Amino acid sequence: MFDFGPFFDNIDLILEGFWATVRLAAAAAVLSFILGTVLASFRVAPIPVLRTFGTAYVNVVRNTPLTLVLLFCSFGLNDVLAMRLSGNSSTSYYWWAVFGLSAYTAAFVCEALRSGINTVPLGQAEAARSIGLTFTQSLRIIVLPQAFRAVIAPLGSVLIAMIKNTTVAAAASYAEAALVMKTILDAPSFTSGAIPLFIGVAVGFMILTLPTGFFFGWLHKRMAVAR
Amino acid sequence: MSKEATVLFDAPGPKARARHRAMTVAALIVFAGLLAAFVWRLADRDQFEGELWSPFLKWEVWEGLILPALWNTLKAAAVASVLALAFGVVFGLARLSDHWWIRVPAGVVVEFFRAIPLLILIFLAFFIPNKISPSIADSQFGTLQRVVVENVLFVFGVEINAGTVTVSAFAAVVFGLVMYNGSVLAEVVRAGVQSIPKGQSEAAYSIGLRKNGVMRLVLLPQAITVMMPAIVSQLVVLLKDTALGFIIAYPELLSAGFNQIPANYHNNKLQAGIVVAIIYIALNMALSRVATALEARSRRSRRTSGKTMGTGTGAPPAPGMSATGTAPGQA
């Protein structure tokens with residue numbers, strides 16, 4: 001039962017799955033950070049329309065299951081509305097998975113960034129203005145450096161959650177590690193080695209998530225604002 | 001807010017107000033343009049046809065497809081919530097134990113289940129017993145396996161037939177939700193108890209209470225008030241995650257929306273998806289409201305000396321980061 005032979009017979013497939021996971025996670029990390037920053041800037045903007053939009057987006061997306069978001073992207077937008085992101089159909093599905101995962105994660109990135117800005121006391125900005133710093137200067141020298149340090153830990157948590165959430169793309173038939181595991185298990189010929197397969201995939205995800213967690217925890221401690 | 005100074009923006013003067021008005025108009029034009037483009041695309045692909053939307057005005061669609069699916073979603077969420085809370089309390093307190101041989105294994109379990117995706121836990125429960133049970137049935141544990149399945153696990157719909165165990169989709173979803181959310185709740189419980197000032201337990205020890213009494217009479221009652229908002233917002237996460245049942249064909253709300261209804265009504269996946277999304281959002285927002293209300297109440301409460309754990313980012317620090325042990329919302 002604990003024979004790792006069948007696991008290593010399928011190692012090529014599994015590694016290919018994890019490579020797909022890493023590609024999805026990396027692209028979604030970049031895109032969700034960009035979208036989240038834009039949303040956060042909406043939510044703290046002095047313009048009520050933008051604030052309302054940001055709040056509504058975050059509330060709607062945070063209360064929607066990720067599975068639904070991804071299915072809506074792949075079935076609804078890609079298939080029904082034929083909004084293709086690429087000429088190649090599987091590349092188009094990949095980019096919709098990236099987009100759906102990023103649109104979902106962006107809401108959490110936005111909340112993390114906003115709470116980071118809120119940790120900076122108003123007195124800091126008032127002091128910056130009173131010594132004559134302009135808006136850009138006060139943002140660049142006073143507010144953002146403090147806010148950035150405060151969001152390291154929450155952003156790390158969001159990133160790790162996002163890496164784990166890449167598995168949900170299996171619902172949209174994106175062949176990442178979890179779907180590979182399901183495909184292997186589904187085959188009737190695969191009778192022994194189920195537990196080693198689970199352990200292997202679990203360890204694979206731990207290799208992705210735990211060091212990320214350690215790194216962000218270390219960075220958070222190192223960069224903490226003494227206040 | 002726009003009338004006052006914030007950290008980022010000073011109180012606007014006449015020039016800034018004029019600029020804000022111009023940007024408001026520009027933003028409205030951009031949003032309206034995006035919306036119009038989307039509606040145009042919908043019309044272009046004939047998505048406003050009456051037959052695609054009308055099923056949701058018929059009672060038999062609700063009675064036959066949507067409400068049973070909603071019931072399945074709520075059933076899985078309710079059973080998993082109760083079990084996850086029990087799991088969370090047991091493992092959260094175990095992690096606070098004075099004995100390393102309780103604390104360390106409990107920590108390993110909690111960190112393991114938090115570090116791997118929920119979906120592969122669901123796969124573990126759904127596929128693997130079927131594969132390994134025949135060989136267990138042949139070993140000396142065969143009788144034990146049969147007794148456990150026939151007397152305990154059958155309530156979740158787990159079946160055994162000639163030594164082969166079949167796990168229902170419901171049981172697999174519940175297993176995954178309990179293990180993952182239970183581990184997160186264990187961290188919430190631990191952080192909640194640790195957030196009570198040390199003076200409380202010192203005072204309790206000094207009047208002669210033992211460990212059991214300190215935890216049961218002094219720390220836990222205060223910690224529960226502190227933890228409530230974080231627990232309820234984790235239950236929102238749990239309710240959302242029932243949608244993963246779609247992948248192993250558990251007949252819940254999402255599969256009603258993307259499989260059953262489109263199969264019967266002209267493949268209206270987009271429309272069914274929108275209706276299902278509205279149901280999910282309404283449910284989760286109601287539950288989130290409860291969490292926010294609890295948070296406000298707990299902050300006012302004098303019944304606890306701990307600091308309320310916010311609903312904000314929800315989960316405690318991700319695995320690997322919890323070395324500092326700070327509770328969410330305290331940073």
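This structure is a prediction, so every number in the text was calculated from the model and none was measured.
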Please check if the number of heavy atoms outside [X] that lie under 6.0 Å from its [atom1] is greater than 12.
| X | atom1 | answer |
| --- | --- | --- |
| Met83(A) | CE | yes |
| Arg41(B) | CZ | yes |
| Tyr57(A) | OH | yes |
| Phe99(A) | CZ | no |

Going from [atom1] on [X] to [atom2] on [Y], what distance comes out if it is rounded to the nearest 0.5 angstrom?
| X | Y | atom1 | atom2 | value |
| --- | --- | --- | --- | --- |
| Leu270(B) | Leu77(A) | CG | CG | 7.0 Å |
| Phe126(B) | Lys182(A) | CZ | NZ | 8.5 Å |
| Ile128(B) | Leu197(A) | CD1 | CG | 6.5 Å |
| Phe9(B) | Ser138(A) | CZ | OG | 9.5 Å |
| Arg45(B) | Leu81(A) | CZ | CG | 7.0 Å |
| Thr209(A) | Ile116(B) | OG1 | CD1 | 9.0 Å |

For chain A, which of Ala27(B), Ala282(B), Pro117(B) has the most heavy-atom pairs under 4.5 Å?
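When all of Ala27(B), Ala282(B), Pro117(B) are compared, Pro117(B) has the most.
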
Please flag which part of [X] lies under 4.5 Å from any non-hydrogen atom of chain A: side chain, backbone, both or neither.
| X | answer |
| --- | --- |
| Phe246(B) | side chain |
| Val276(B) | both |
| Leu254(B) | side chain |

side-chain hydrogen bond (donor to acceptor under 3.5 Å, both in side chains) contacts touching residues 63-73 of chain A (sequence neighbours left out)
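The answer is Asn63(A)-Ser288(B).
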
[X] side chain to [Y] main-chain N or O, any donor-acceptor pair under 3.5 Å?
| X | Y | answer |
| --- | --- | --- |
| Arg62(A) | Met285(B) | no |
| Lys269(B) | Asp79(A) | no |
| Lys164(A) | Leu118(B) | no |

Heavy atoms, side chains only, cut-off 4.5 Å: are Gln124(A) and Val7(B) in contact?
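Not touching, per the 4.5 Å side-chain cut-off.
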
Can you confirm whether Leu8(B) sits close enough to Val143(A) that some side-chain heavy atom of one is under 4.5 Å from a side-chain heavy atom of the other?
yes

[X] versus chain B, the contacting section by heavy-atom distance below 4.5 Å:
| X | result |
| --- | --- |
| Leu68(A) | both |
| Phe215(A) | neither |
| Phe72(A) | both |
| Ala224(A) | neither |

What's the shortest heavy-atom distance between [X] and [Y], and which atoms?
| X | Y | result |
| --- | --- | --- |
| Met206(A) | Ala115(B) | CG-CB, 3.9 Å |
| Arg129(A) | Thr6(B) | NH2-O, 2.7 Å |
| Thr24(B) | Val49(A) | CG2-CG2, 3.2 Å |

Tell me, out of Phe190(A), Trp218(A), Phe205(A), Phe198(A), who's got the most heavy-atom pairs with chain B below 4.5 Å.
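Most pairs with chain B among the choices: Phe198(A).
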
At a heavy-atom distance under 4.5 Å, which candidate from Val203(A), Asp186(A), Leu71(A), Ile117(A) has the highest pair count against chain B?
Leu71(A)

So Phe31(B) and Phe53(A), would you call those rings parallel, tilted or perpendicular, with 30° and 60° as cut-offs?
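Correct class here is parallel.
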
Quick one: side chains of residues 169-181 of chain A, donor-acceptor pairs under 3.5 Å with protein atoms, not counting sequence neighbours, listed by atom name and distance.
| from | atom 1 | to | atom 2 | distance (Å) |
| --- | --- | --- | --- | --- |
| Tyr174(A) | OH | Ala20(A) | O | 3.0 |
| Glu176(A) | OE1 | Ala178(A) | N | 3.0 |
| Glu176(A) | OE2 | Leu179(A) | N | 3.1 |

